[in-house]
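Here's the structure we're looking at; comments come further down.
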2 protein chains.
Amino acid sequence: MDAKLQAAGAKFIQAMSQISSFWGFPKAMGAIYGAVYLSPRPITLDALVELVGVSKGAVSTNVRKLERLQMVHKEVKIGDRKDYYVAETNFWRVVQAILQERQNRQFDQALRAVDESLQMVSAASEDDDLSRFYQQRISRMQSFFSTFDKIVTAIAALDEFRLSTLHKILGRPDT
Amino acid sequence: MDAKLQAAGAKFIQAMSQISSFWGFPKAMGAIYGAVYLSPRPITLDALVELVGVSKGAVSTNVRKLERLQMVHKEVKIGDRKDYYVAETNFWRVVQAILQERQNRQFDQALRAVDESLQMVSAASEDDDLSRFYQQRISRMQSFFSTFDKIVTAIAALDEFRLSTLHKILGRPDT
DNA sequence: TGGTTTGTTTAGTTCGTTCTAAACGTATAT
DNA sequence: ATATACGTTTAGAACGAACTAAACAAACCA
């Protein structure tokens, strides 16, 4: 009986691992989240080592990554030195946190570089064909990213209720 | 004069390189797309080697990746053995192509694994607390991904005009 | 004080990816 | 046929990310 459940859990954890790696996160990180998510009660680091099958060091660092993204939350019990973790179950909040984290790093920096390149074009001799071409292309790229960014941000900011509305607005491909 | 423009181009190409790597593609791939995108006329492989500064082999393979994603298009001129490349400038079409490419691979597979794990739970003894808990959690995860997937797909399918409408519907978070 | 239990940090290893350099294939021209 | 101009493929180097094992630190207990 229990063996079947355990197998199902392992399958799920492995799937989370794949999904994690697909989105550019460490495999172990997804697996750990899966394990926390499937635990009916707050779970310890050592239990995670057991379930996920990676070293304690790896669990430790990955759990901290998950915490930073607010995908898991630490709980402490008085008179107990162990840390207990519970999963964040509001996935849209998770998406939001991940986007924020990413935003403030390389991506924004790259966008600023695009900005800069546009300014550099403007600073160059302004009225030959090539200049105008560069200007047009770069600013098109810029406005695409701007729109993209706004849409993503806006969607991430929606709560679960308004999301279902959005879902309806977009129209179901299956109807 | 021209030196400034060239510097601007280099900056832009480097930014595209960063963005590419951010989204999990090879740096060179983004740089190459940037170079093609900034070229006012169809550009050859050797010119790309010059502009991007990587080996011919790398340009060759990355250009083919870009072609597969329909981010660049090959043009041939009669009586000229060189291949000429032009950039796809409809970015939403690019997004669509990338999503399709990715979809049909690991992600879908992972989702099927989630399905499977749910079925495994159902197949196990059905009426203890833990089973019910697993069932609930896994199906919640499943429906999240289902919604997520539908939203992404729907947005990618929109054309530029309807996108601006969507942009309005979502409302600016700053107002 | 010394020994346990816990989590963190670090040094080093492994692994996959991306690149280079060079060999290769193929078409064209002389 | 030989040489040239092009793109592709391959073998291997270089790199970075993520993990392991083990040392470490800190808190608690005896």
Side-chain angles (χ1 to χ4, degrees), chain A residues 13-14 16-36 42-69 72-86 101-102 105-106, chain B residues 13-14 16-36 42-69 72-86 101-102 105-106:
Chain A
I13 287 171
Q14 181 246 350
M16 288 297 110
S17 165
Q18 277 188 254
I19 290 172
S20 178
S21 137
F22 176 80
W23 289 107
F25 298 100
K27 274 192 307 175
M29 187 172 144
I32 290 168
Y33 177 78
V36 178
I43 189 172
T44 66
L45 204 146
D46 280 319
L48 288 170
V49 169
E50 181 75 14
L51 277 173
V52 176
V54 300
S55 73
K56 199 162 65 144
V59 173
S60 174
T61 61
N62 278 299
V63 156
R64 241 167 320 118
K65 284 184 196 168
L66 288 170
E67 246 191 309
R68 200 155 30 79
L69 292 176
V72 303
H73 305 285
K74 194 191 297 202
E75 288 188 358
V76 288
K77 299 187 180 179
I78 45 165
D80 187 343
R81 269 188 290 155
K82 294 182 193 128
D83 295 342
Y84 291 85
Y85 295 95
V86 294
E101 172 85 359
R102 294 212 154 177
R105 294 186 171 211
Q106 311 123 324
Chain B
I13 287 170
Q14 181 247 348
M16 288 296 112
S17 163
Q18 277 187 253
I19 290 171
S20 178
S21 132
F22 177 79
W23 290 105
F25 299 101
K27 274 193 309 175
M29 187 173 146
I32 291 167
Y33 177 78
V36 177
I43 188 172
T44 66
L45 204 147
D46 281 319
L48 287 171
V49 169
E50 181 75 14
L51 277 172
V52 176
V54 300
S55 74
K56 199 162 64 144
V59 173
S60 174
T61 62
N62 278 300
V63 156
R64 243 169 320 120
K65 285 185 197 168
L66 288 170
E67 247 191 308
R68 199 154 33 78
L69 292 176
V72 303
H73 304 286
K74 194 192 295 203
E75 287 188 357
V76 289
K77 299 188 181 179
I78 44 166
D80 187 343
R81 270 188 290 155
K82 294 180 194 132
D83 296 341
Y84 291 85
Y85 294 95
V86 295
E101 172 87 358
R102 295 211 151 176
R105 294 186 170 209
Q106 312 123 326

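- Contact detail for B/V72 and B/V63: the closest heavy-atom pair is CG2-O, 4.1 Å.
- Taking 3.5 Å as the limit, the base of D/dG7 and the side chain of B/K82 contain no donor-acceptor pair of atoms between them.
- Proximity of a side-chain donor or acceptor of B/S20 to a complementary backbone N or O of B/P26 within less than 3.5 Å is detected.
- When the C1' atom of C/dT6 is taken as reference, atom NZ of A/K56 falls 6 Å away, rounded to whole Å.
- If you check C/dT20, D/dC6, C/dG7 against the side chain of B/D46, the one that comes closest is D/dC6.
- If B/M29 and A/R64 are placed on DNA chain C by their nearest nucleotide, the residue sitting closer to the 5' end is A/R64.
- Taking every heavy atom of both residues into account, A/A35 and A/L51 meet most closely at CB-CD1, 4.2 Å.
- Here the C1' atom of nucleotide D/dG7 and the CG atom of B/L48 are 13 Å apart, to the nearest Å.
- Taking atom NZ of B/K77 as the reference point, atom P of D/dG7 lies 13 Å away to the nearest angstrom.
- Applying the 6.0 Å contact sphere to CD of B/E75 captures more than 12 heavy atoms from other residues, nucleotides or ligands.
- If you check D/dA18, C/dT18, C/dT20 against the side chain of A/P26, the one that comes closest is D/dA18.
- For B/L66 and D/dG7, the CG to P distance is 15 Å, given to the nearest whole Å.
- Closest to the side chain of B/T61, from the set D/dG7, C/dT20, D/dT9, is D/dT9.
- Following rounding to the nearest Å, B/D80 (CG) and C/dA27 (P) show an atom-to-atom distance of 16 Å.
- A donor-acceptor contact under 3.5 angstrom links the side-chain atoms of A/R81 to the base of C/dT5.
- For the pair A/K77 and A/Y84, the cation-pi criterion (under 6.0 Å, within 45° of the ring axis) is fulfilled.
- Taking only side-chain nitrogens and oxygens, B/S60 comes nearer than 4.0 Å to OP1 or OP2 of D/dT8.
- Atom CD in A/Q106 sits roughly 13 Å away from atom C1' in D/dG16 (whole-Å rounding).
- Taking atom CD1 on B/I32 and atom P on D/dG7, their separation rounds to 13 Å, with Å as the unit.
- Rounded to an integer number of Å, the gap from CG of B/L45 to C1' of D/dA5 is 12 Å.
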